[in-house]
Amino acid sequence: MPTVLDMAGVACPASVDGKSLLPLLRGEVASVRPYLHLLYENAWDCLTDGQEKYIRHVDGGEQFFDLRSDPDECRDRIHDTSLAGKVTSWRHELDVVLKKDVKRKL
């Protein structure tokens, strides 16, 4: 909806979730968000920036993939101690995203 409103020259209400993709389509910006939040049928949530992918399953299990070196997601690196800082950062960001979703639904 924000993109359609932007194309029509109408201001988007603050209550509407999302951003206009028009600047992206015009080539004015390279991205409109730092990552994508994906979820699958209440089985897992995921964040990815196209280079890394963090997945949390509803049972608490986690996975982490370096998509630059492993685009087919064959090597789960969640226990790689050299990536612990990145995993912690993605874990925190997913917590923030999920808390926002809960507030939005209330």
Side-chain angles (χ1 to χ4, degrees):
M1 185 163 138
T3 304
V4 173
L5 292 174
D6 194 10
M7 291 171 70
V10 177
C12 188
S15 61
V16 173
D17 189 28
K19 294 181 180 181
S20 172
L21 298 176
L22 197 54
L24 182 67
L25 296 171
R26 289 181 176 150
E28 298 167 357
V29 298
S31 177
V32 293
R33 55 184 157 194
Y35 53 76
L36 293 175
H37 173 216
L38 310 167
L39 58 115
Y40 180 72
E41 296 183 2
N42 295 320
W44 51 257
D45 283 275
C46 162
L47 292 181
T48 183
D49 62 1
Q51 297 181 32
E52 298 174 345
K53 185 174 185 180
Y54 171 74
I55 303 167
R56 182 184 303 151
H57 299 269
V58 294
D59 66 3
E62 298 174 298
Q63 293 177 289
F64 182 77
F65 298 96
D66 182 341
L67 301 175
R68 294 167 292 232
S69 63
D70 181 21
D72 295 325
E73 301 175 24
C74 295
R75 293 181 303 277
D76 181 4
R77 312 260 323 258
I78 195 70
H79 299 295
D80 185 333
T81 57
S82 69
L83 299 173
K86 288 185 178 195
V87 170
T88 298
S89 178
W90 281 108
R91 185 181 291 132
H92 170 75
E93 193 60 34
L94 183 58
D95 289 341
V96 170
V97 168
L98 295 175
K99 285 178 186 172
K100 285 181 185 175
D101 283 350
V102 168
K103 288 181 181 178
R104 194 175 304 130
K105 291 177 184 177
L106 296 177

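One-based numbering along the sequence shown. FYI, side chains are in, hydrogens and waters are out, and symmetry mates aren't considered; it's all heavy atoms of this structure.
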query: Taking the side chain from Thr88 and the backbone from Ala84, do they hold a donor-acceptor pair closer than 3.5 Å?
result: yes
- request: Taking Asp66 for its side chain and Glu52 for its backbone only, find out whether a donor-acceptor pair lies under 3.5 Å.
  value: no
message: Using modelled atom types and a 3.5 Å cut-off, is there a donor and acceptor pairing between side-chain atoms of Asp59 and backbone atoms of Gly61?
response: yes
message: If I take atom OH from residue Tyr40 and atom SG from residue Cys46, how far apart are they, to the nearest 0.5 angstrom?
response: 14.0 Å
- prompt: Where do Pro2 and Val16 come nearest, in terms of heavy atoms and distance?
  reply: CG-CG1, 4.0 Å
query: Side-chain heavy atoms under 4.5 angstrom apart, residues restricted to Ile, Leu, Val, Met, Phe, Trp, Tyr: same cluster for Leu98 and Leu47?
result: yes
message: side chain to side chain contact (heavy atoms under 4.5 Å, CB included) for Lys53 and Gln63? Distances and angles first, verdict last.
response: CA-CA 8 Å; Lys53 185 174 185 180; Gln63 293 177 289; over 6 Å; no
- request: Report the distance from atom CH2 of Trp90 to atom CG of Leu83, rounding to the nearest 0.5 Å.
  value: 12.5 Å
message: Regarding Lys86 and Asp80, does a basic nitrogen lie under 4.0 Å from an acidic carboxylate oxygen?
response: no
query: Same cluster or not: are Leu39 and Val58 linked, directly or through other Ile, Leu, Val, Met, Phe, Trp or Tyr residues, by side-chain heavy atoms under 4.5 angstrom apart?
result: no
query: To the nearest 0.5 Å, how far apart are NE2 in His57 and CG in Asn42?
result: 14.0 Å
field: Closest approach of Leu5 to Pro13 (non-hydrogen atoms, all atoms of both residues)
entry: CD1-CD, 3.9 Å
Main-chain N/O of Leu22 paired with Asp6 side-chain donor or acceptor, under 3.5 Å: no
- prompt: Any sub-3.5 Å donor-acceptor pair from Arg33's side-chain atoms to Lys19's backbone N or O?
  reply: no
query: Between atom CG of Asp49 and atom CD of Glu93, what is the distance when rounded to the nearest 0.5 Å?
result: 11.0 Å
field: Candidates Asp70, Ile78, Thr48 - the one meeting side-chain contact (heavy atoms from CB on, under 4.5 Å) with Phe65
entry: Asp70
message: For Arg56 and Asp95: C-alpha separation, side-chain torsions, deciding distance, then whether side chain to side chain contact (heavy atoms under 4.5 Å, CB included) applies.
response: CA-CA 10 Å; Arg56 182 184 303 151; Asp95 289 341; 3.0 Å; yes
statement: Interatomic distance, OG@Ser20 vs CE@Met7, rounded to 0.5 Å, equals 8.5 Å
- prompt: With the 4.5 Å side-chain cut-off for hydrophobic clustering, are Leu38 and Leu21 part of the same group?
  reply: no
- prompt: In Å and rounded to the nearest 0.5 Å, what is the OH to CG distance from Tyr35 to Leu94?
  reply: 8.5 Å
